[in-house]
Novice: 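One structure is given below, represented as structure tokens, and several questions about it will come after.
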Amino acid sequence: MDVTADQDAAQPVAAWSAVFAVSLCAATLVATEWMPVSLLTPIAGGLRLTEGQAGQAISVSGFFAILTSLFISASTRGIDRRSVLLWLTGITLVSGIVVAFAPSYSVFMAGRALVGMAVGGFWSMSAATMIRIVPVGDVPRALAVLNGGNALATTIAAPLGSFLGQYIGWRGAFFCVVPIAALTLFWQFLALPAMPSQERADAAAAFKVLRRPGVPYGMLAAALFFLGQFALFTYSRPFFETVTLVDVTTISALLLAMGVAGLIGTSLIGLVVHRRLYASLVVMPLTMAIVAVALTVYGSSLGATAALMFLWGLIGTAAPVGWWTWLSTALPDDAEAGGGLMVAVIQLAITAGAAGGGVLFDTSGYRATFLFSAVILALSSSVILVGVLRRKPRADAQCAACVPASPVL
């Protein structure tokens, strides 16, 4: 019997077990991060808050995700990446317990800060983890599995949270994350291999990529996109309740339809961005801006709202694929530092969107919030367009000098 052959055959099995364990972690984190979106009204009622104040649960997690994503590589230098991932998963579990049993708004927000730390740390390390777990040729498939967990959680988190909230309350809905996080922690403990730290970058490494041509345009456009998206999406449930005038069951159905649309969009966008990356980055935010304006006009119609939110989910869930594709073309030789900055940019935008949208929702109503979203999304489209136009003269000059053009904005 060839023992070596058996070990070689078993190694891929162990590697893919680790990949699926990390994918489950991604799904758990995404579900935990976005569950407040579908539970704003009961959270506000339970803790005696306004919907805008409850929406800051998204803001605080985003803020701590920003800090963690920027500095986790440098602050954990020398620590095995397996241990770091296990600690981040453990923090997710603790967060679920703290939020579910929070006696006050301050404790609730502390629990949300913990999940923000886990989100920022995990996503900053996710791509590098996949690269180290599987052979080079299998990395694209491993990343697809990872993003599949993300897309699945995005699909089910909001409608499932809304549905569970009806029967076991918002605290029970949040506590459902705890056993899943425990399972994820145990699976990763068994499956993840040792991954000694190879990080040598200093704390400022993520910011240095902004010196690269075109990168500031892309980062600014990404920030504007996610800011505009979450200024509206965070307050979709209060909008459904007060404008479309539907019950909780219908809200769950609307959120599920958005999730299904997102799965469809995620499965299709790879083909689009491969051929028309920059056109996609211009068209997607512009289309969502039109949807935001249309919701202020037709929001009282259930049929129109359902169709518009389906389109919103189709584009909004798939758009991150376009931004990560842009990053891989803009920074092919510095993706780790760029990835840390991109996570920080996205989380900062989500934080600002949820906070700004909440203030507008409380003070001026949903129309001000949705129109603000539309303006910011249109600005994102404009920044990308300007970047493309500025890129063409450089490409022409490089072509004239017989030098291949760089595929960045």
Side-chain angles (χ1 to χ4, degrees), residues 27-28 30-58 61 96 99-102 105 108 111-112 115 152-180 229-263 291-292 295-296 298-314 316-317 354 357-358 361-362 365-367 369-370 373:
T28 304
V30 171
T32 304
E33 186 178 15
W34 300 124
M35 196 173 288
V37 171
S38 62
L39 296 168
L40 280 188
T41 302
I43 290 171
L47 295 175
R48 298 180 180 178
L49 312 169
T50 67
E51 280 85 355
Q53 289 174 322
Q56 305 312 315
I58 301 294
S61 63
V99 169
F101 294 99
Y105 182 54
F108 175 80
R112 294 298 301 171
V115 79
L152 179 61
T154 303
T155 300
I156 66 173
L160 185 61
S162 178
F163 177 79
L164 291 174
Q166 293 182 80
Y167 299 102
I168 59 177
W170 67 268
R171 295 181 184 274
F174 274 105
F175 189 79
C176 287
V177 173
V178 173
I180 300 174
Q229 179 183 13
F230 284 92
L232 187 151
F233 179 62
T234 305
Y235 302 96
S236 56
R237 174 165 177 164
F239 168 77
F240 295 150
E241 291 176 327
T242 60
V243 179
T244 314
L245 301 177
V246 293
D247 57 20
V248 176
T249 301
T250 305
I251 291 173
S252 298
L254 286 169
L255 293 172
L256 180 60
M258 289 175 61
V260 171
L263 280 177
V291 170
L295 284 169
T296 66
Y298 302 106
S300 60
S301 167
L302 177 57
T305 298
L308 290 168
M309 295 308 293
F310 185 91
L311 182 58
W312 181 275
L314 183 76
T317 307
F361 195 93
D362 284 345
Y366 80 94
R367 281 194 173 88
T369 303
F370 284 23
S373 169

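All of these numbers come straight from a predicted model, not from anything done at the bench.
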Novice: Taking C-beta and beyond as the side chain, do L254 and S236 meet within less than 4.5 Å on heavy atoms?
Specialist: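 They are not in contact (no side-chain heavy atoms under 4.5 Å apart), so the answer is no.
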
Novice: Suppose we screen for side-chain contact (heavy atoms from CB on, under 4.5 Å). Which residues come up paired with A304, at least two apart in sequence or across chains?
Specialist: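 Partners of A304 by the side-chain contact (heavy atoms from CB on, under 4.5 Å) criterion, ordered by chain and then number, come out as Y298, S301.
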
Novice: Kindly compute the distance separating CG (L308) from OG1 (T296), expressed to the nearest 0.5 Å.
Specialist: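 If I round to the nearest 0.5 Å, the distance is 10.0 Å.
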
Novice: Among residues at least two apart in sequence or on other chains, which ones pass side-chain contact (heavy atoms from CB on, under 4.5 Å) with A173?
Specialist: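 Checked A173 against side-chain contact (heavy atoms from CB on, under 4.5 Å); matches are M35, L39, L164.
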
Novice: Are T369 and L232 packed together at the side-chain level, in the sense that at least one heavy-atom pair is separated by less than 4.5 angstrom?
Specialist: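 No, too far: nothing below the 4.5 Å cut-off.
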
Novice: Hey, does the side chain of T244 reach the backbone of L302 with a donor-acceptor pair shorter than 3.5 angstrom?
Specialist: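 No, because the side chain of T244 does not come within donor-acceptor range (under 3.5 Å) of the backbone of L302.
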
Novice: Of all residues at least two apart in sequence or in a different chain, which pass the side-chain contact (heavy atoms from CB on, under 4.5 Å) check with D362?
Specialist: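 Counting only residues at least two positions away or on another chain, D362 forms a side-chain contact (heavy atoms from CB on, under 4.5 Å) with T50.
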
Novice: Are F240 and L255 side-chain neighbours, meaning at least one heavy-atom pair lies under 4.5 Å?
Specialist: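 In short, these two side chains touch, coming nearer than 4.5 Å.
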
Novice: Would you name the heavy atoms of A354 and T234 that are closest together and state the gap between them?
Specialist: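 For A354 versus T234, the nearest heavy atoms are CB-OG1, 4.0 Å.
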
Novice: F370: what forms a ring pair (Phe, Tyr, Trp, His ring centres under 6.0 Å) with it, not counting sequence neighbours?
Specialist: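 Expected list: F239, Y366.
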
Novice: Using the ring of each side chain (for Trp, its six-membered ring), is F108 parallel, tilted or perpendicular to Y105, with breaks at 30° and 60°?
Specialist: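 F108 and Y105: parallel rings.
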
Novice: Would you name the heavy atoms of R171 and V99 that are closest together and state the gap between them?
Specialist: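 For R171 versus V99, the nearest heavy atoms are NH1-O, 4.1 Å.
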
Novice: For R237, give me all partners under salt bridge (Lys or Arg N to Asp or Glu O under 4.0 Å), at least two apart in sequence or on another chain.
Specialist: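 Counting only residues at least two positions away or on another chain, R237 forms a salt bridge (Lys or Arg N to Asp or Glu O under 4.0 Å) with E241.
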
Novice: What's the shortest heavy-atom distance between A100 and F175, and which atoms?
Specialist: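 Residues A100 and F175, closest heavy atoms: CB-CB, 3.8 Å.
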
Novice: Considering residues at least two apart in sequence or located in another chain, which fulfil the side-chain contact (heavy atoms from CB on, under 4.5 Å) criterion with S61?
Specialist: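 Testing S61 for side-chain contact (heavy atoms from CB on, under 4.5 Å), a comparison that skips the adjacent residues, returns E33, R112, V115.
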
Novice: Quick check: closest heavy atoms across F310 and A261, and the distance to 0.1 Å?
Specialist: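 Minimum heavy-atom separation between F310 and A261: O-CB, 3.2 Å.
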
Novice: To the nearest 0.5 Å, what is the distance between CH2 (W312) and OG (S373)?
Specialist: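 If we round to the nearest 0.5 Å, W312:CH2 and S373:OG are 4.0 Å apart.
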
Novice: Check side chain to side chain donor-acceptor pair (under 3.5 Å) between T242 and all other residues, then give those that pass, not counting sequence neighbours.
Specialist: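 Per chain and number, T242 pairs via side chain to side chain donor-acceptor pair (under 3.5 Å) with no residue.
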
Novice: Take T317 and M258 through the test side chain to side chain contact (heavy atoms under 4.5 Å, CB included) and record every step on the way to the result.
Specialist: CA-CA 9 Å; T317 307; M258 289 175 61; over 6 Å; no

